[in-house]
Each structure stands twice: as structure tokens, then as C-alpha cells.
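Everything on this sheet refers to the single structure shown next.
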Amino acid sequence: MKRKLITRYDGNPILTKDDIPYPVETVHNAGVTKHNGRYIMLFRSHLDTGRSIIGLAESEDGFHFQSRPEPFLTPAQEPPFSHYEAFGVEDPRITCIEGTYYITYSAYSRHGVRISLAKTANFESVERISLITQADYRNTVLFPEKIDGRYVRLDRPHSEISPWSIWISYSPDLVHWGDSRVVMKPVTYHWDEMKIGPGAPPIRTERGWLSIYHGVFPTMDGCVYRLGVALHDLADPAKIVAVGDRWILQPEDPWEVVGYVHNVVFTCGAVPEHDGTLKLYWGGADKVMCAGTAVIDELVDLCLTDSRPAL
Ligand code: BMA
């Protein structure tokens, strides 16, 4: 039997709607980071309107999380954000750059889905910065450092012509973005053939930036969301060094197979540790939060030794 690259935490699911002190229907697709030695999780919850808000939970060990009494981020009341967040805020990703925590999240409205950028120093308050994409963008992750003096992001624009793919863009100030190009596409008749999108913010390793992404496969029974890995060149992240051919995680536990949307594992966050492991967090079936661990080197090895083409 092939050794699994992700070891599921045996106390999964680690956070569910029963742990939240205000009424929510789901707890999923959370960004996670470390602040002052504690783990901070920003999780998405559906309300019983079908629209989403973002809550915050904290943990000493990365597995036992306690939710704050109130949500952390709800749709904006002030323009311009209020125009674009009216249908909810979803799937937050957190990246710490030079001591500030930046949060990218999907803003839904009658104008479509686009990405809002917010920041916080300490997770006590949050300040919106800018709407950093037009409509039809999701899954935006920031690299944790500037590269060649520019901020860098991966995202996933929608396109009718080509399947949903991963693009890279650059910015001098986090507000104005450009120099965009496609870096990775789905592979036909492969586990990620229908669409791919960035998952957790990239992690620096000696051999490249490790990116954990999601891939979707359409079946007669609906779509299956799985996770895979890609390695970007450290100095030039537009260059993909290698992409792992195999998925690293697929829906298997009952709460990943059945939920709000069946057969989904979806990540917005992973926390690298000093011992060379990472903690990976994923939403199970758009309903609960799960965690697992991996050895970072093993994920990089998969990219390099068992690869599929990037484009
Ligand atoms: C995607 C997004 C994710 C969700 C996934 C599976 O399009 O909406 O937030 O986890 O579908 O439903």
C-alpha cells in the first residue's frame, strides 16, 4: 500500500457548527496562521440564508480551536465594499508579510465574485484595503514575501474558453496588480481535469515555493474536490518547477464524503512548523473543518519525482 502523504488528525473534524456560539449552518474553508505562538483560524460559515460570513477561532496546539463569541468579518456596510460583498464573504486566506496579516477573501454580489483584501496587525480589528480583482476571480493567495521588490499572488480567473486555471500577478503596493500570466492548467482526463485553483498560501522551501492547490473532477455523481501540490521557482515563481501527478488528499472520511456539498476537501491554509512538517487545514464537504500533518520534503519530492506537465 502507498504511504499517505497527509496524516489525518484522529480528532477530526476539529471544528463544526456546534462549536460556534452564534447561529451558523457550516464551518469550513478556513485560512490559518500563527500569531504570537497561537494558531488563528478564520473560517467560513454559511448562514441559513445560504450566504456566508467569516468567524475566528484560536488554538494553542493547532488542533483544539475555540471560537470567538462574535463573527470576525461580515459583509461590508460602507461603499465601495458594500456593493460587492452583499451576497457574502467566503474562503479567507491569511498571509503574514513583514509583520502584517493580509486576508484575501471572495466577495459575492449581484456583480459576481471578486477578491477583497483586508489587513490586521493582531486579529483584534480588521481593515479593508481594496478590491483587488474584477469579477470572476476566486482563490487568491499572496506569497509571504516580496520577490524582486514586488508583491506576488496566485489566483484563478474564470474563462469560457479554457478551463479554470492558476495565474500569477505582481504588485508594487498590493492594490495595483499586473504582469499577469497563466502558470498552470488542468490536465485532461486527470483528477484535476475540470478546474484547479490555489489553496493555501505558498510555503518557502529550499527547493521552491510549495503550493497546495485544489483540483476538480466531474463525475456522473457530481464534482469531486481533491488537493495536489506544485513547486514554483523561488526567484521566479511564474516558473513552475514541477507539479505532482497524484493527489495528496481526497474525500474519504464520512464528513468529507457527505455534507453541505458532497465529496469535497478544500484548503485555504497550511502552517509550516520548525520541524519540517506542516499542518494542513481543509473544509470537509463544505460543512466542517479538518486538520492533518505532512512532511514538507515528501510533498516536494512528489512534485519532483512523479510529475505532470504544468501547462
Ligand atoms: C467552490 C467554492 C468553494 C467550495 C467548493 C465546493 O466553487 O465555492 O468554496 O468549497 O466549490 O463546493
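All ligand and atom numbering here is 1-based and tracks the order in the structure.
The side-chain tip of Arg204 points at the ring of Trp209 from less than 6.0 angstrom away and within 45° of straight on. A cation-pi contact, defined as under 6.0 Å to the ring centre and within 45° of the axis, is absent between Arg226 and Trp191. By the 6.0 Å and 45° rule, Arg150 stacks over the aromatic ring of Tyr170.
Around the CG atom of Asp61, the shell of radius 6.0 Å holds more than 12 heavy atoms that belong to other residues, nucleotides or ligands.
Looking at heavy atoms from C-beta onward, Tyr108 lies out of side-chain contact with Val89 at the 4.5 angstrom threshold.
Residue Tyr225 places at least one N or O, backbone or side chain, under 3.5 Å from an N or O of ligand 1. Polar contact check, Arg44 against ligand 1: a nitrogen or oxygen pair lies under 3.5 Å apart.
Nearest non-hydrogen protein atom to atom 9 (O) of ligand 1 is Asp91 OD2, 2.6 Å. At the shortest separation from atom 6 (C) of ligand 1 among protein heavy atoms lies Asp286 OD2, 3.4 Å. Protein heavy atom at the shortest distance from atom 2 (C) of ligand 1 is Arg138 NH2, 3.2 Å.
Every atom of ligand 1 is numbered from 1 in the order shown, and the set under 4.0 Å from a heavy atom of Val261 is 12 (O).
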